[in-house]
S.K.: 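The structure follows.
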Protein chains: 2
Amino acid sequence: MEDNLKLSNQLCFPLYACSKEIIRKYKPYLDKLNLTYTQYIVMIVLWEEKEINVKSLGKRLFLDSGTLTPLLKKLEEKKYIERVKSTFDERNLIIKITNKGEELKVKAKDIPTLVGSCLNLSKDETIELYKILYKILNNL
Amino acid sequence: MEDNLKLSNQLCFPLYACSKEIIRKYKPYLDKLNLTYTQYIVMIVLWEEKEINVKSLGKRLFLDSGTLTPLLKKLEEKKYIERVKSTFDERNLIIKITNKGEELKVKAKDIPTLVGSCLNLSKDETIELYKILYKILNNL
DNA sequence: TATAATTAAATTGTATACAATCTAATTTCT
DNA sequence: AGAAATTAGATTGTATACAATTTAATTATA
C-alpha cells in the first residue's frame, strides 16, 4: 500500500501542523503578557491551582523537568511565580503564583475566545474535535 | 467568564499535547531508520516528489528555512538527500532524494499503520478528526 | 539500622521551531 | 541599462522538547 506514506494520508501531520499554527496565532496576544505559549499553559495551571510541584505540573502538561526547569526559572525572573523547596519533602520544588502572576489572568481572559474565533469551527465541530483529542490522550 | 482560562477548556492544548505524544510513539520506529519526526515528514514529501526546493518544502510542511536549513544538512550527511543549487535560479536550492533515501521508504511503509493503531479511534472518528484538522489548516 | 531502591529536579546533549536579520540572485520599474 | 524592490536561503538568537544521566532526598528492605 504505497498511499500509506503520502503526507495527505497522515493523521499526525495535520495535528502537528495545526498545533504549531494555532500557537502562532496566540503569539501577538501572549507577547503583550510577556509569555510564550508554553509559559502560558504553565500560568493557566497556576491560575487554577495556586501552587503545584514540578512533577504534577509536568503530568498535567505532558512536559518533563528538562523542559520545565529552565522555563520555570524564566517565569521566576519575570516575578510571575516563586520556586520554593517543600519543607515536607525536600526533593519537591513547589511552584507558587505571585500577585503579579495573578494580575496577568485578567489580561489573559479574552485570549481563548480571540484565538478560537480564527479557527472558524462550528460548535459541533469544536465539541467533536475536543472529544476525539481527549480520547487519544487518554488512550496513549 | 472565569472558566475561559481553565486548561480543560482550551482547544489548542489537547492539540499540542496529542501532537507531541503521538510523535513520541513514532520514535522507536523512526530510530530504526535514523530519522527524527521532522526529518521523517521531509522524507515523506521526497518519497512523493523526488525533488523540491526549500521554499516549496517549507510551504508543504509549515516550516521555514531557519528550521529546514540545518535539518536538510543533517539529512545530506546521512546520504538520504542531495542539496543542489538550481541552475535556472541560483537562489533556489533543490533537494533531491538519493537511492539510499528511496530505500528507506520500504522500511517505513508500515509505520503509519503501527502508530495509527495505538490511537484506538474508530473509522468515523479518524475521518472526522482528519476533516476538522484540515478545515482549520485551510482557514488559518 | 545500614544499605538498596526509588523518586524529584536538575543537568547535559541533540534537535527542532521561529522571529528577525543578512546576503546574494533575480525582477521590476523608471 | 541601472537602481530599487523582491525573493530564496542562510544565519543569529531565543525558547522549547526530550532522552539520558546525575544528584540529593526519601523510602523500603534485608
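Chain naming here is simple, since letters A, B, ... match the order of the sequence lines and numbering starts at 1 in each.
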S.K.: Check whether any side-chain nitrogen or oxygen of A:Arg83 sits under 4.0 Å from OP1 or OP2 of C:dA8, and answer yes or no.
M.R.: no
S.K.: NA contact type, B:Lys59, heavy-atom cut-off 4.0 Å: base, sugar-phosphate, or nothing?
M.R.: nothing
S.K.: Under the 4.5 Å side-chain heavy-atom rule for ILVMFWY, direct or indirect, which residues accompany A:Ile127?
M.R.: none
S.K.: Could you tell me whether a side-chain N or O of A:Lys79 sits under 3.5 Å from a main-chain N or O of A:Lys100, the two making a donor and an acceptor?
M.R.: no
S.K.: With B:Glu103, which residues qualify under salt bridge (charged side-chain N to carboxylate O under 4.0 Å, His left out), at least two apart?
M.R.: none
S.K.: Could you tell me the separation between the NZ atom of A:Lys55 and the P atom of C:dT6, rounded to a whole number of Å?
M.R.: 14 Å
S.K.: Under the 3.5 angstrom rule, does the side chain of A:Glu76 hit a backbone N or O of A:Arg83 as a donor-acceptor pair?
M.R.: yes
S.K.: In whole angstrom, give the distance that lies between atom CG of B:Asn53 and atom P of C:dT26.
M.R.: 14 Å
S.K.: Give a yes/no answer on whether the side chain of B:Asn92 brings an N or O atom under 4.0 Å of OP1 or OP2 in D:dT7.
M.R.: no
S.K.: Shortest non-hydrogen contact from A:Leu133 to B:Leu11?
M.R.: CD1-O, 4.3 Å
S.K.: Protein within reach of the bases, or only the backbone? For nucleotides 14-25 of chain C, mark each nucleotide 5' to 3' as B, S or -, using heavy atoms under 4.0 Å.
M.R.: -SSBBB-----B
S.K.: Side chain of A:Ser86, backbone of A:Asn92: donor and acceptor closer than 3.5 Å?
M.R.: no
